[in-house]
Amino acid sequence: MKLTRAFVTLSFCLCISALYAQEEAVQKQGIFSFGATLSDYNFAKRTKDSSLKYAMNDKDLLKSGKASFGFKVSYWRHLKPHIDLSGNLGVDFSNFPALFVKGDSIGQAKLSVHVAGLAHFMAFKSDAKVNPFLTAGLGAGFFGNHLAFFAPIGTGLAFHFNTGSIITLQLQLRKALSSGITNDFMTYSIGFAQGIAGRTAKKHESHKKDEVIKNSLSAGKNGRSSGSKVEKSSREKVVAKVVAQPGTDAAALNNKSDKSQTEKVAKENKVDPLPDADGDGVADKDDKCPDVKGNVENQGCPFPVVEGAEVIKMSPDSATYSIHFDFDQSILQTGAFGVLNRIVEILRSDKTLTINITGHADSQGTDFKNMQVSADRANVTRDYFMSYNVAASRIKSSYYGANRPIDKVQQWRNRRVEVTIIKK
């Protein structure tokens, strides 16, 4: 951590020094940019604790009471052909998760203010209409009541328009450098700036003038040959007609020709029926269960589709779905409630259905601990169904610890409960 802080601080100082030392650089007027931001305080922790795929499946990022939107003002200045510098002031309406801010065990909603100095390393010169870039810098902000330092590292795209407008899209990982915050976090932003039309527009206008002058000189020098080409082009624009032979009804001949052409087009455009491998009347491209025969009402599945759930197994008599848990936790996550509520609706619609609940754990930790956490996960899921008046006689539950993994690489998939709906 100390080495990271030293490296970031040194890089930032070098960038500032270069700004004042660069006397021969092309001086361009700086511009202000205004933008919107979205901060994700869970992504880095979820990636560290589990996997990138698990972190990207977070459904809470844009939900009310969970999202952390904000706005920012930036001042951009061109330094060298491939380097821009910017100073940024941002305000976020933050919903911090538990334990993100030092000493906060329950999470809180706070207004956070932050500043940052950034160096942007552009792939192309400033004239490029689409310009990818990398970003590094140093920042500080108030998170709750704590002052914390961080290092923004990220990438982005800058779109330059001939009118002088600039749109920037950025993705930054903000590395925590002090103890005010306990984890890194992500920030996504879009910015807009309106500057003076750049050299791209001037080049375009100059090129256009050169073309006009060039074409005028060419026309004066080769006027005769150009005129002959125009006349030839005009003569070639002749509408084709069907010529009737003596004694033939021209209208009938044209109708016959049109009918023949129509039949030819219809034959060429004939489309074969869409494939339906399981023969349930739902085309494979629209079939949620293309390998199992279902029905149209359930989008090709034998059971109603449970949106948001991972399908482990599907057969004509049963369907198995899974919900996931955080590492070493048995607390139902926000994304699990929608899945469980949909299963409750299915059970209410058909009283003959039963469910089988199995709890599982990943391979980390001792066998005793894994058995205990898998049992807790099965129990909390069973209790949830019973709280919605699903009879205990319709529920069977068990647990297996880490003995039944479904993925040896992505351990987060093994921290699960499987719910199997069964037809009697």
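As a basis for the values below, the full set of heavy atoms in this structure was taken, side chains included, without hydrogen atoms, waters or symmetry mates. Just so you know, these numbers come straight off a predicted model, no measurement behind them.
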Notebook entry, point to check: So Tyr399 and Val373, side chain to side chain contact (heavy atoms under 4.5 Å, CB included) or not? Walk me through it.
Noted result: CA-CA 9 Å; Tyr399 53 93; Val373 74; over 6 Å; no
Checklist line | Verdict with supporting geometry, His114 and Ser112, side-chain hydrogen bond (donor to acceptor under 3.5 Å, both in side chains) | finding: CA-CA 7 Å; His114 51 85; Ser112 60; 5.5 Å; no
Margin query: Show, in sequence, the C-alpha distance, side-chain angles and deciding distance for Phe32 and Tyr75, and conclude whether the side chain to side chain contact (heavy atoms under 4.5 Å, CB included) test is met.
Written below: CA-CA 5 Å; Phe32 282 95; Tyr75 179 75; 3.7 Å; yes
Check: Can Trp412 and His324 be said to form a side chain to side chain contact (heavy atoms under 4.5 Å, CB included), step by step?
Finding: CA-CA 7 Å; Trp412 67 269; His324 299 98; 3.7 Å; yes
Check: Can you list the steps and then say if Phe325 with Arg377 is a side chain to side chain contact (heavy atoms under 4.5 Å, CB included)?
Finding: CA-CA 8 Å; Phe325 294 79; Arg377 289 167 178 171; 3.6 Å; yes
Next item on the list: Quick one: do Ser374 and His360 satisfy side-chain hydrogen bond (donor to acceptor under 3.5 Å, both in side chains)? Show the steps, please.
Entry: CA-CA 5 Å; Ser374 67; His360 304 271; over 6 Å; no
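Taking each heavy atom of Arg416 and Pro405 in turn, the nearest pair found is NH1-CA, 4.4 Å. Among all heavy-atom pairs drawn from Pro132 and Val130, the shortest one is CD-O, 3.8 Å. Closest heavy-atom contact between Val380 and Ser330: CG1-O, 3.4 Å. Of all heavy-atom pairs between Gly401 and Met371, the closest is N-SD, 3.6 Å. For Ser363 against Ala402, the heavy-atom pair with the smallest separation is CA-CB, 4.0 Å. Here the shortest heavy-atom pairing between Gly139 and Pro152 reads N-CD, 4.0 Å.
Side chains of Leu85 and Trp76 form no contact here, defined as non-hydrogen atoms less than 4.5 Å apart. In this structure the side chain of Ile343 reaches within 4.5 angstrom of the side chain of Ile421, judged on heavy atoms. Two residues are said to be in side-chain contact when any heavy atoms from C-beta on lie closer than 4.5 Å; Ile355 and Leu347 meet this criterion. Inter-residue side-chain proximity for Gln170 and Thr135 is flagged as met; some heavy-atom pair is nearer than 4.5 Å. Inter-residue side-chain proximity for Leu340 and Ile323 is flagged as met; some heavy-atom pair is nearer than 4.5 Å. Annotation: side chain of Phe161 is in contact with side chain of Ile167 (closest heavy-atom distance under 4.5 Å). Side-chain atoms of Val101 and Asn145, non-hydrogen and from C-beta on, never get closer than 4.5 Å to each other. A heavy-atom distance below 4.5 Å is not found between the side chains of Ile83 and Met122.
Within 6.0 Å of CG in Asp367 there are 12 or fewer heavy atoms belonging to other residues, nucleotides or ligands. Counting heavy-atom neighbours within 6.0 Å of Phe149 CZ, excluding the residue itself, gives a total of 12 or less. Dense packing is recorded around NZ of Lys423, with more than 12 heavy atoms of other residues, nucleotides or ligands lying under 6.0 Å away. Atom CG of Asn341 has more than 12 neighbouring heavy atoms from other residues, nucleotides or ligands inside a 6.0 Å radius.
To the nearest 0.5 Å, the span separating OG on Ser322 from CD on Glu418 amounts to 6.5 Å. A distance of 11.0 Å separates CG in Leu173 from CG in Asp40, rounded to the nearest 0.5 Å. A distance of 12.0 Å separates CG in Leu111 from CZ in Phe143, rounded to the nearest 0.5 Å. In this structure, Gln364 CD and Asn414 CG are separated by 10.0 Å, a value rounded to the nearest 0.5 Å. Separating the CD atom in Gln108 from the CZ atom in Phe96 is a distance of 6.5 Å, to the nearest 0.5 Å. Distance OG1/Thr358 to CZ/Arg404: 7.0 Å, rounded to 0.5 Å.
When each of Thr381, Asp383, Val419, Ile357 is checked for a side chain to side chain contact (heavy atoms under 4.5 Å, CB included) with Ile395, only Ile357 meets the rule.
For the pair Thr182 (side chain) and Phe100 (backbone), a donor-acceptor distance under 3.5 Å is present. In this structure, Asn131 contributes its side chain and Phe124 its backbone to a donor-acceptor pair below 3.5 Å. Side-chain atoms of Thr37 do not come within 3.5 Å of backbone N or O of Phe69 as any donor-acceptor pair. Arg394 places a side-chain N or O within donor-acceptor distance of the main-chain N or O of Leu353, the cut-off being under 3.5 Å. Between the side chain of His78 and the main chain of Asp84, no donor-acceptor pair closer than 3.5 Å is present. Put simply, the side chain of Asp184 gets close to the backbone of Ala176: a donor and an acceptor are under 3.5 Å apart. Looking at Gln333, its side chain does come within 3.5 Å of a backbone N or O of Ile331 through a donor-acceptor pair. Looking at Asp326, its side chain never comes within 3.5 Å of a backbone N or O of Gln329 through a donor-acceptor pair. Between the side chain of Thr47 and the backbone N or O of Phe43, at least one donor-acceptor pair lies under 3.5 Å. Here the side chain of Asn403 pairs a donor or acceptor atom with the backbone of Tyr400 at under 3.5 angstrom.
Aromatic ring centres of Phe185 and Tyr41: separated by under 6.0 Å. Aromatic pair Phe121/Phe133: ring centres not closer than 6.0 Å.
Side-chain contact check for Thr420 and Thr320: at least one donor-acceptor pair (N or O, by modelled atom type) lies under 3.5 Å. With hydrogens and angles left out, the side-chain atoms of Ser189 and Lys72 include a donor and acceptor closer than 3.5 Å. A side-chain donor from one of Ser39 and Asp92 sits under 3.5 Å from a side-chain acceptor of the other.
The aromatic rings of Phe93 and Phe71 sit tilted, their planes meeting at an angle between 30° and 60°.
A salt bridge does not link Arg348 to Glu345: none of the charged side-chain nitrogens sits closer than 4.0 Å to a carboxylate oxygen.
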